[in-house]
Amino acid sequence: MTDPKKYILAIESSCDDTSAAVLCNAKVLSNVVATQEIHKQYGGVVPELASRAHQQNIVPVVHQALAKANIDKKELSAIAFTRGPGLMGSLLVGTSFAKSLALGLDIPLIEVNHMEAHILAHFIEEESMSQPQFPFLAMTISGGHTQIVKVSDPFTMEVLGETLDDAVGEAFDKSAKLMGLPYPGGPLVDKYAKLGNPFAYDFPKPKVEELNFSFSGLKTSILYFLQKQTKVNPDFIAQNINDICASVQHTILEILMEKLELAVEQTGITQVAIGGGVAANSGIRSRLKEAEETKGWKTYIPKFEFCTDNAAMIGIVGYLKYKRGDFTQQNVAAKARYAIGS
Ligand code: KG4
Ligand code: ZN
């Protein structure tokens with residue numbers, strides 16, 4: 001028997017992307033993302049500017065999502081929104097909008113944890129994606145997060161390890177900034193790394209216990225390395241950009257893969273799923289594919305548009321919660337710090 005058709009409007013505004021999506025059950029009908037370009041000139045996200053841009057974008061983005069899905073707002077079954085974690089000013093815009101619209105349409109409101117959504121994005125029904133079997137390990141890697149999570153079922157998740165300082169995307173972006181590359185530098189490091197030698201320069205890997213991560217030391221060692229080299233040769237960076245990027249990326253990937261291997265060893269789980277913007281990195285993608293051959297893992301990477309911050313992933317959690325009747329009261333408040341499973 002097929003499930004009755006439910007239409008969920010989902011809203012994501014946790015950082016610097018304003019996004020709205022419409023899902024019909026687990027299928028995505030539209031997924032509109034307005035990326036805020038304003039932050040580029042500052043070399044990183046400016047929270048105050050992010051919330052203002054969300055306020056400008058939210059109504060047009062929701063209109064576009066409904067129009068693209070060809071759904072009238074009266075047909076909606078529920079509104080799902082990101083309650084946290086994220087930037088408070090940004091979260092407030094999406095939260096207030098979702099609450100008002102749900103109240104106005106007299107339909108259920110569903111709160112979603114952004115980090116759980118990055119993981120459950122794997123359950124969006126999409127031809128190019130296959131779904132992990134429970135239990136599986138999920139590594140969320142982005143500009144705001146770095147976590148390894150044991151997922152026993154959609155609503156039972158345990159964080160096994162996380163970063164103690166910078167997120168892995170920040171490590172990419174900050175290293176890129178030191179090389180004079182524009183924000184966000186991650187994709188550029190990936191691009192240049194393809195042309196360089198990953199063993200040209202050696203950067204130390206941090207010693208962090210268990211399944212936790214640390215990336216701030218790497219940034220400092222890159223800074224000292226570049227300062228030392230450019231003193232001798234002012235054109236060092238320009239002349240060696242490919243090798244520097246390849247070596248930096250290699251170090252970051254070694255850190256990620258070592259922890260993932262340890263997590264597999266400790267849990268005995270060989271189903272490994274990744275998500276978040278850094279999942280777009282060509283290096284991590286080939287390392288995971290390699291692990292399928294050499295270690296017998298089964299690996300999962302969502303379609304790119306569901307890796308970076310997007311409302312479709314909020315919508316899939318909204319749908320799963322809708323089926324359980326897991327609704328949210330109108331007195332809900334946004335939560336900047338919001339641990340998985342809490
Ligand atoms: O998930 P996302 O869009 O937003 C956050 O929640 O942070 O991730 C953005 C991050 C940025 O740090 C960006 O540099 C990084 O993902 N990123 C990459 C690549 N594409 C995006 N990092 C390395 N290689 C890439 N190809
Ligand atoms: Zn995110």
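As the structure lists them, so they are numbered: ligands from 1, and atoms in each ligand from 1. This is a predicted model, so every value here is computed, not measured.
- Under 3.5 Å, the side chains of Q239 and N233 contain a donor-acceptor pair of N or O atoms.
- Those atoms of ligand 1 with a heavy atom of G144 less than 4.0 angstrom away are 7 (O).
- Note that K219 lies outside the cation-pi zone of F215, set by a 6.0 Å cut-off to the ring centre and a 45° limit from the axis.
- The parts of N281 lying near ligand 1 are both backbone and side chain, judged by heavy-atom distances below 4.0 Å.
- The shortest contact between atom 4 (O) of ligand 1 and any protein heavy atom is with D309 OD2, 3.6 Å.
- Contact atoms of ligand 1 toward P184: 14 (O) (distance under 4.0 Å to a heavy atom of the residue).
- Ring geometry, H114 versus H118: the interplanar angle exceeds 60°, so the pair is classed perpendicular (tilted spans 30 to 60°).
- Between the NZ atom in K40 and the OG1 atom in T35 there is a gap of 8.5 Å [rounded to 0.5 Å].
- Expressed to the nearest 0.5 Å, how far OH of Y7 lies from CD1 of I79 amounts to 15.0 Å.
- With a heavy-atom cut-off of 4.0 Å, V278 touches ligand 1 through backbone and side chain alike.
- M179 CE to N240 CG: the interatomic distance, rounded to the nearest 0.5 Å, is 11.5 Å.
- Atoms of ligand 1 found under 4.0 Å from any heavy atom of G169, numbered from 1 in the order shown, are 12 (O).
- At the Zn ion (ligand 2), the vertex angle linking OD1 of D309 with NE2 of H145 is 160° (nearest 10 degrees).
- Across C15, A193, G277, heavy-atom proximity to atom 20 (N) of ligand 1 is greatest for G277.
- Per-residue contacts place A280 under 4.0 angstrom from the following atoms of ligand 1 (heavy atoms of the residue considered): 20 (N), 26 (N).
- The Zn ion (ligand 2) has an N, O or S atom of H114 inside 2.8 Å of it.
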